[in-house]
Amino acid sequence: MKQVKLKNGISVPAIGQGTWHIGDDPRMHDREVESLRTGIDSGMTLIDTAELYGYGKSESVVGDAIKPYDRSKLFIVSKVLPQNAGRKNMRRACETSLKYLGTDYLDLYLYHWRGSIPLSETVECLQDLKDSGLIREWGVSNFDTDDMRELARLKHGGNCIAVQDLYHIASRGTEYSLQPYLRRNDIAFMAYCPLAINGTLRSGIISDPVLRQAADAHGASVQQIMLAWAIRGGNVIAIPKSASKQHTLENAAAGDIELTEEELKMLDKAFPAPDREVPLDIE
Ligand code: NAP
């Protein structure tokens, strides 16, 4: 499994595990726990969740899944909702997430998306949580390049360690200015929906002949090629969600697939990056 080094010196797997919709159906609990544990055992020790996902249900399943593991070997990410991202609610929101997760700290806490609370207040609250040890690091989500520049101008804004935005082979808008900005500033990029929700965000991806050709060449699935493509640059962490043990094993194995220059060129042609700024894609 390839690793991504964060600016605090900690290395995390380039492919982690998403959890949106995990916990929605209680009958799926054991299957979801098994799948998350399979992922951890296969090197996907980074798990991404959020207070939003089932309002605690997703964090609870993650809490059950991680119980047998050495906490220090895991990298747990959760997110605070915009309405909780201020003085009044953030600490309580974070403590509630910790309770559901059955842990006493988060490795990374993300501001899920921008709301009406001033960004400066949110950053102060995130910094307070970091100073008091409830979170190790903080970052933001659904931010574009202008949002990042605004953040950088704020007191403590330079402490942002990661940005989580939508990114998959058919949605490359962040490559134009955001990803270069993040690389220059040593901020990691977390790619959500790296499988375009198994193709549902863009019709025709899963059956695309160029992706299929690369998949056949590597004895892999198209989904594995999409993940290998997302993490190709060394600064991107992809967080596919799977409640299937088989898919989880495949996602972990994608962390070792090396696409050739030729394959990358063909994929660029089939799925070109934009040559101008485009609005941030959001799910
Ligand atoms: P995704 O990871 O792009 O796709 C998930 C879908 O792909 C599921 O239907 C899953 O089904 C299927 N799948 C997974 N691995 C597969 C494989 N190897 N082969 C075939 N199908 C496979 O979509 P996502 O869950 O929306 O995004 C990933 C994570 O990003 C979320 O879970 C969440 O943690 C995070 N996220 C963050 C934000 C944000 O605003 N920050 C927004 C959206 C998502 P099975 O379960 O059956 O495998």
Side-chain angles (χ1 to χ4, degrees), residues 15-25 27-29 31-36 38-39 42 44 46-54 57-59 61-62 65 75-82 85 97 101 106 108-115 138-144 147 162-171 174 178 188-202 205-207 211-212 215 218-231 236-257 280-283:
I15 301 182
Q17 305 189 74
T19 62
W20 193 19
H21 298 305
I22 293 269
D24 283 1
D25 179 352
R27 290 168 303 180
M28 290 281 285
H29 177 273
R31 196 178 154 194
E32 290 166 346
V33 166
E34 184 193 25
S35 177
L36 285 165
T38 300
S42 315
M44 295 195 292
L46 181 152
I47 301 178
D48 176 81
T49 186
E51 62 169 331
L52 172 72
Y53 304 163
K57 290 192 182 129
S58 161
E59 290 173 324
V61 175
V62 174
F75 193 92
I76 307 296
V77 185
S78 194
K79 312 185 195 80
V80 62
L81 283 165
S97 287
L101 286 160
L106 293 171
L108 178 62
Y109 201 33
L110 301 175
Y111 177 29
H112 208 148
W113 69 88
R114 287 189 77 165
W138 61 264
V140 293
S141 181
N142 298 302
F143 269 44
D144 65 14
D147 293 321
V163 176
Q164 184 178 117
D165 283 345
L166 186 149
Y167 183 54
H168 57 75
I169 194 160
S171 180
T174 55
L178 181 66
F189 182 74
M190 299 180 80
Y192 78 68
C193 301
L195 299 172
I197 317 192
N198 201 23
T200 56
L201 295 181
R202 268 332 135 88
I205 305 186
I206 303 299
S207 56
L211 273 169
R212 177 82 271 152
H218 289 270
S221 68
V222 160
Q223 288 85 349
Q224 286 180 298
I225 299 302
M226 289 175 77
L227 294 178
W229 177 89
I231 63 167
V236 174
I237 302 152
I239 46 166
K241 168 264 167 186
S242 180
S244 140
K245 188 175 172 179
Q246 183 54 34
H247 288 165
T248 298
L249 287 167
E250 289 169 18
N251 294 346
D256 293 320
I257 295 175
L280 191 63
D281 207 356
I282 284 174
E283 179 50 29

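Both ligands and their constituent atoms are indexed starting at 1 by order of listing.
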I'd like to check which ligand 1 atoms, numbered from 1 as shown, lie under 4.0 Å from a non-hydrogen atom of [X].
{"X": "Ala243", "result": "45 (P), 46 (O), 48 (O)"}
{"X": "His112", "result": "39 (C), 40 (O), 41 (N)"}
{"X": "Asn251", "result": "14 (C), 15 (N), 16 (C), 17 (C), 18 (N)"}

Identify the closest protein heavy atom to [atom]: which residue and atom is it, and at what distance?
{"atom": "atom 31 (C) of ligand 1", "answer": "Trp20 CB, 3.5 Å"}
{"atom": "atom 34 (O) of ligand 1", "answer": "Asp48 OD2, 2.6 Å"}
{"atom": "atom 27 (O) of ligand 1", "answer": "Cys193 N, 3.1 Å"}
{"atom": "atom 39 (C) of ligand 1", "answer": "Tyr192 CE2, 3.3 Å"}
{"atom": "atom 40 (O) of ligand 1", "answer": "Asn142 ND2, 2.9 Å"}

Going by distance only, is there an N or O of [X] that falls short of 3.5 Å from an N or O of ligand 1?
{"X": "Ser221", "result": "no"}
{"X": "Gly18", "result": "no"}
{"X": "Gln164", "result": "yes"}

* Asked: Taking the six-membered ring for Trp, are Tyr167 and Phe189 parallel (under 30°), tilted (30 to 60°) or perpendicular (over 60°)?
  -> perpendicular
* Flag the pair Asp48 and Lys241 as a salt bridge only when some basic side-chain nitrogen lies within less than 4.0 angstrom of an acidic carboxylate oxygen. => no
* Do the side chain of His168 and the main chain of Ala170 share a donor and acceptor less than 3.5 angstrom apart? -> yes
* Is the backbone of Thr49 close enough, under 3.5 Å, to the side chain of Lys79 for a donor and an acceptor to pair up by distance? -> yes
For [atom], which candidate among [options] provides the closest heavy atom?
{"atom": "atom 12 (C) of ligand 1", "options": "Leu249, Asn198, Ile239", "result": "Asn198"}
{"atom": "atom 33 (C) of ligand 1", "options": "Tyr167, Trp113, Tyr53, Tyr111", "result": "Tyr53"}
{"atom": "atom 14 (C) of ligand 1", "options": "His247, Glu250, Lys241, Glu283", "result": "Lys241"}
{"atom": "atom 4 (O) of ligand 1", "options": "Ile197, Ile22, Ile47", "result": "Ile197"}
{"atom": "atom 41 (N) of ligand 1", "options": "Ser141, Ser244, Pro194", "result": "Ser141"}

Quick one: closest heavy-atom pair of [X] and [Y], and the distance?
{"X": "Ile237", "Y": "Ala188", "answer": "CD1-CB, 4.2 Å"}
{"X": "Asp165", "Y": "Phe143", "answer": "OD2-O, 2.6 Å"}
{"X": "Gly255", "Y": "Ile15", "answer": "N-CD1, 3.4 Å"}
{"X": "Leu166", "Y": "Ile282", "answer": "CD1-C, 4.2 Å"}
{"X": "Ser35", "Y": "Ser242", "answer": "OG-O, 3.0 Å"}

* **Beyond-backbone contact of Arg114 with Asp147, side-chain heavy atoms, under 4.5 angstrom** => yes
* Has His168 got any heavy atom lying under 4.0 angstrom from an atom of ligand 1? -> no
* Tell me which part of Ile282 gets within contact of ligand 1: side chain, backbone, both or neither, using heavy atoms under 4.0 Å. => neither
* Will you find, in the side chains of Glu51 and Ser78, an N or O donor that is under 3.5 Å from an N or O acceptor? -> no
